[in-house]
2 protein chains.
Amino acid sequence: MDDGAHTLPVVGLTLGDPAGIGPEIVARTLLDPGLRDTVRCVAIGDAAALRRGARACGFDLTVRPIAARDVAPDPDPAVVDILDTATVTDADIDAAMPWGRVGAPAGAAALAAIERAVRAAESGLVDAIATAPINKESIWAAGSTQPGHTELLGELTGATHPDTMFVVGGLKIFFTTRHASLRKALDLLTPQRVDAAITAAHDALRVFGDDEAPVLAVAAVNPHGGEGGAFGDEEIEILAPAVARARTRGLDVVGPVPADAVFHQGLRGRWAGVLSHFHDQGHIAAKTFDFDGTISVTVGLPILRTSVDHGTAFDIAGTGTAEYASMREAVRAAARFAPSVPKLRNRWAV
Amino acid sequence: MDDGAHTLPVVGLTLGDPAGIGPEIVARTLLDPGLRDTVRCVAIGDAAALRRGARACGFDLTVRPIAARDVAPDPDPAVVDILDTATVTDADIDAAMPWGRVGAPAGAAALAAIERAVRAAESGLVDAIATAPINKESIWAAGSTQPGHTELLGELTGATHPDTMFVVGGLKIFFTTRHASLRKALDLLTPQRVDAAITAAHDALRVFGDDEAPVLAVAAVNPHGGEGGAFGDEEIEILAPAVARARTRGLDVVGPVPADAVFHQGLRGRWAGVLSHFHDQGHIAAKTFDFDGTISVTVGLPILRTSVDHGTAFDIAGTGTAEYASMREAVRAAARFAPSVPKLRNRWAV
């Protein structure tokens with residue numbers, strides 16, 4: 001009997017910071033029977049960390065180090081595969097990487113897992129990676145100077161403009177600015193930046209979408225889309241001209257659309273994507289609509305990477321209580337977008 | 001057999017601008033059998049306008065003018081009651097108030113309906129009013145100088161600080177600022193204004209809630225709640241001190257909470273209310289979560305008023321195609337909050 005396992009996409013799940021909830025949510029995801037028909041999962045990181053995370057959840061599982069793509073049919077459900085970075089032993093892990101604590105060994109382990117994951121994706125050992133959360137201070141203690149995953153992945157792949165796309169329901173959400181204060185973000189809303197954001201977003205819709213002619217809606221920033229200038233002029237001065245320029249470049253872009261309608265319309269299928277302009281504009285929409293079902297995909301990389309959108313939760317790490325829905329959805333999204341890998345490799349090869 | 005009809009709350013539905021979709025959505029709501037067990041509806045406005053709206057929807061109904069509270073049991077489902085303002089006749093309405101057109105007669109009719117509704121609520125003829133949309137230019141043409149319903153209701157009741165509360169799911173959402181550009185709204189975020197908004201919101205939670213000790217969460221304005229000042233200082237400088245001051249005043253207020261989590265948490269029941277600071281902050285959350293189910297309640301009035309949160313839709317007025325879900329939900333909310341009428345009358349009596 002052919003169960004089709006050899007055709008399943010393979011997704012690598014990095015453990016993230018071993019002192020955080022990453023190993024627990026990866027263990028729970030690896031054991032989720034609901035994923036078995038659509039994806040083959042492999043952990044990436046320290047086998048000792050995965051074993052410790054599984055124990056915290058009360059799981060009795062066997063961790064099997066692998067070195068090559070393995071999609072043999074009918075895997076034993078109690079055995080989980082890992083690309084073992086082996087930075088720590090079972091005997092040392094509690095002392096070296098205590099639960100819920102910032103530290104260089106945990107940071108180094110997180111970095112090693114990410115690098116291994118990137119190489120595995122580049123070589124085709126996995127089709128995509130889904131990343132568990134890391135701790136900034138720990139990776140800094142371990143010598144990295146990057147502020148987060150996205151920049152780390154840029155450094156490791158040589159990609160120059162990695163960016164974040166949210167996927168929620170059937171909608172893709174993009175951002176003109178993200179990690180800036182709201183005041184600063186308003187200042188950053190320049191014609192050049194909006195042009196670039198529209199182009200990148202539309203590009204990503206073509207790479208990740210099924211639709212050859214996707215429509216991108218550009219959100220407004222002011223109430224009622226500025227109401228003809230009565231409530232702000234960014235729509236008139238910046239956004240409408242940028243939409244017009246994009247259309248002359250042949251992109252199917254509409255807007256600016258009042259932001260309290262545009263996400264609803266997109267979720268109902270009217271738009272393939274929405275360009276939001278501030279962190280919370282897109283985040284409020286996605287996370288209020290479906291908190292655990294919102295996943296992020298890094299666009300602009302030559303590899304496919306999805307991610308949870310929560311932190312290491314040091315306060316509950318090691319207790320076995322962490323919710324793994326976001327990791328499960330990140331894996332599902334990685335599997336769903338796996339057919340896009342040739343397109344994104346072609347588009348964003350460095 | 002007592003069907004309990006005499007104990008049902010009575011809600012008055014203003015027709016709004018007769019040239020807009022108001023009469024159609026009111027007609028559809030009056031005929032909705034799903035409302036019959038929980039509320040007794042009465043239209044308020046021109047009987048000629050309601051008849052024309054019903055005809056546009058293809059309904060054959062009898063409009064019965066009434067002059068007093070009537071909650072006789074077992075009403076005829078094909079007869080709808082109206083407090084008839086009689087500003088126009090069936091013979092004249094198409095010429096005086098053509099569908100989809102701005103005009104003084106339509107504006108005057110909308111104003112007459114609102115005034116009649118306020119008086120009916122004050123006298124107890126109805127327990128609450130649910131308002132259909134009006135057109136600003138038409139009411140201005142008819143001599144009003146008010147920018148919208150809320151201010152009109154303030155003028156008619158003498159209330160000095162009417163304000164908007166959104167209700168979506170079980171959550172109540174408030175606003176520190178609303179109809180201002182995002183830049184201007186940031187400037188308006190002063191300690192005084194936030195203090196007043198917190199007080200008003202908490203007050204409204206007590207008036208409209210079942211909970212004697214409601215918790216209000218104050219949203220942050222910057223990404224990750226400012227992340228300790230890295231992404232903006234409004235949380236540190238303005239919001240956290242305002243929350244602390246509110247707590248010393250004995251109000252159960254928490255925050256600032258990152259805005260991409262606070263609405264989700266509220267919808268899950270963690271908070272009775274959320275204070276948002278900008279129009280779109282609260283609007284994106286509510287309308288992306290449940291576009292048609294988001295209704296607005298005016299707080300600070302001595303009468304109970306709920307409202308649709310859409311416009312007159314002049315482009316489709318008279319076609320019988322308007323969606324009435326928002327009006328139906330406004331009526332449901334009016335019925336649900338009717339037990340709060342003694343509390344709000346007491347609290348906001350002028």
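Reckoned from all heavy atoms, side chains included, excluding hydrogens, waters and symmetry mates. Computed from a predicted model, the values in this text were never measured in an experiment.
- Interface remark: Leu267(B) contributes side-chain atoms only to the contact with chain A (heavy atom separation under 4.5 Å).
- Interface remark: Arg268(B) contributes side-chain atoms only to the contact with chain A (heavy atom separation under 4.5 Å).
- Using a 4.5 Å cut-off between heavy atoms, Ala180(B) contacts chain A through its backbone alone, with no side-chain atom that close.
- For Gln281(B), the parts lying near chain A are the backbone and the side chain together; criterion is any non-hydrogen pair under 4.5 Å.
- Side-chain contact between Asp187(A) and Arg183(B): present, with at least one pair of heavy atoms (C-beta onward) separated by less than 4.5 Å.
- The aromatic rings of His224(A) and His279(B) sit perpendicular to each other, their planes meeting at more than 60°, with 30° as the lower class boundary.
- Closest heavy-atom contact between Ala259(A) and Ile284(B): O-CG1, 3.4 Å.
- For the options Ser181(B), Ala230(B), Ala261(B), heavy-atom pairs under 4.5 Å to chain A are most numerous at Ser181(B).
- Between His264(A) and Phe291(B), the ring-plane angle classifies as parallel under the 30° and 60° cut-offs.
- A 4.5 Å side-chain heavy-atom check between Asn222(A) and Leu182(B) finds at least one atom pair inside the cut-off.
- Taking both residues in full, the closest heavy atoms of Lys287(B) and Asp260(A) are given as CB-O, 3.3 Å, listed atom of the first, atom of the second, then distance.
- Between Phe289(A) and Thr288(B) the shortest heavy-atom distance is CD1-O, 3.3 Å.
- Between chain B and the options Ala285(A), Ala219(A), Gly232(A), the largest number of non-hydrogen pairs under 4.5 Å is found for Ala285(A).
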